[in-house]
Amino acid sequence: MEQILQRLTSLGVEAERALQGAADRAVLEQVRVRYLGRKGTLAAILRGMADLDPVERPAVGKVANEVKRRLEAALAARREAIEATVRQAALAAERVDVTLPGRPVPMGRLHPSTQILRRICQIWADMGFQVYRSRDVETEEMNFELLNIPAHHPARDMWDTFYTTTEGVLLRTHTSPGQIRAMREYCPEPIRVILPGMCYRYEQITARSEIQFHQVEGLAVGRHVTMTALKGTLVDFAHRMFGADRKVRFRASHFPFTEPSAEMDVECIICEGRGCVVCKQSGWLEILGCGMVHPEVLHNGGYDPAAFSGFAFGMGPERITMLKHGIEDIRYFWANDLRFLEQF
Ligand code: FA5
């Protein structure tokens, strides 16, 4: 018994000294494991109690508990002291100067195509046109046949168009098939809608042509829709888009799904009509195709062409953005080059 009490006492002294000498968390943990751990010195001494006379055990147990309590208190005190030192050092090292100006948070922005699409939609909304969403994946029938583009038409060439692996299903080459879908949904009600969306054409990528681009289609159908209404509405659009004193003109053109058909030009934005490289010295820039909805197309949409008439137009927002900002290459739009995108 004497011997075990002796060992407990010297353990207490030795361990307390070691705890106080521990300079950091790691050393403290080593000391804890060595003296107080499950396989540590104290545990070993306590295991030795099994060999004692049962009468002697309570006295030894009391001393052992005493030593354990003392060491645990010393451990906690030392841990607290080390943590305080660590905190103090961190505070000194990571001092924040609250008087420094804040770092600016980099802000994202809308893609230039999205910006112009929203502006276009807003102008048409002000004129009473609702947005009609139509699908990107279309049938040959909607994209071509019902718009008077028969099977032998060059636009239907395999190489002009992205076909899917399903026979007769393709990526729309223009937003015009949405005209048929809108008419079939609203017939016999009058219609005033615009159809913004992505179009796809298998063509040579050049400074002016991409294989993927937006269009905004417009469609008005009613009992007294006239060519005058078409011209007046489009002139109003051009004035809201490009400025009230911007000159516009209409040129006769051809589309299979409108009759008569026209193209609208605005006075060149870059040179104010004097002639420059962008307008190829003509002073004019083409911004859209338009016309009176062909009677056959009205019929395909469910309307009686004897009682109803309509006008339609289609414009390319990327080309309009190019005109507005003097951008000379359409490929910038999808190249994801921040130097380009950050300018808008
Ligand atoms: C059409 O697609 C007709 N559906 C437009 C239309 C609608 C006419 C309703 C009459 C009535 P066009 O192929 O010209 O027409 O294209 C219309 C506009 O889309 C062009 O003026 C141009 O701005 C844009 N566009 C056409 N092809 C490309 C291309 N490869 N890359 C970028 N923009 C294009």
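Both ligands and their constituent atoms are indexed starting at 1 by order of listing.
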* For ligand 1, what are the residues with a heavy-atom contact below 4.0 Å? ->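 Lining ligand 1: His174, Ser176, Gln179, Arg201, Glu203, Arg208, Ser209, Glu210, Phe213, Gln215, Glu217, Phe255, Phe257, Thr258, Glu286, Gly289, Cys290, Ala312, Phe313, Gly314, Gly316, Arg319, Ile330.
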* Atom CZ of Arg184 with >12 non-hydrogen neighbours under 6.0 angstrom ->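 Atom CZ in Arg184 is packed in, count exceeds 12.
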* Asked: Should we say atom CZ of Arg25 is surrounded by more than 12 heavy atoms from elsewhere, each under 6.0 Å from it?
  ->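 Count not over threshold, so no.
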* What residues form a salt bridge (Lys or Arg N to Asp or Glu O under 4.0 Å) with Glu318, not counting sequence neighbours? ->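 Result, salt bridge (Lys or Arg N to Asp or Glu O under 4.0 Å) vs Glu318: none returned.
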* Asked: Which residues pass the salt bridge (Lys or Arg N to Asp or Glu O under 4.0 Å) test with Arg331, sequence neighbours left out?
  -> Asp329
* **N/O donor-acceptor pair under 3.5 Å between Arg192 side chain and Met127 backbone** => yes
* Name all pairs fulfilling the ring pair (Phe, Tyr, Trp, His ring centres under 6.0 Å) condition that reach into residues 62-118, sequence neighbours left out, sorted by first residue then second. =>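 Listed by first then second residue: His111-Trp334.
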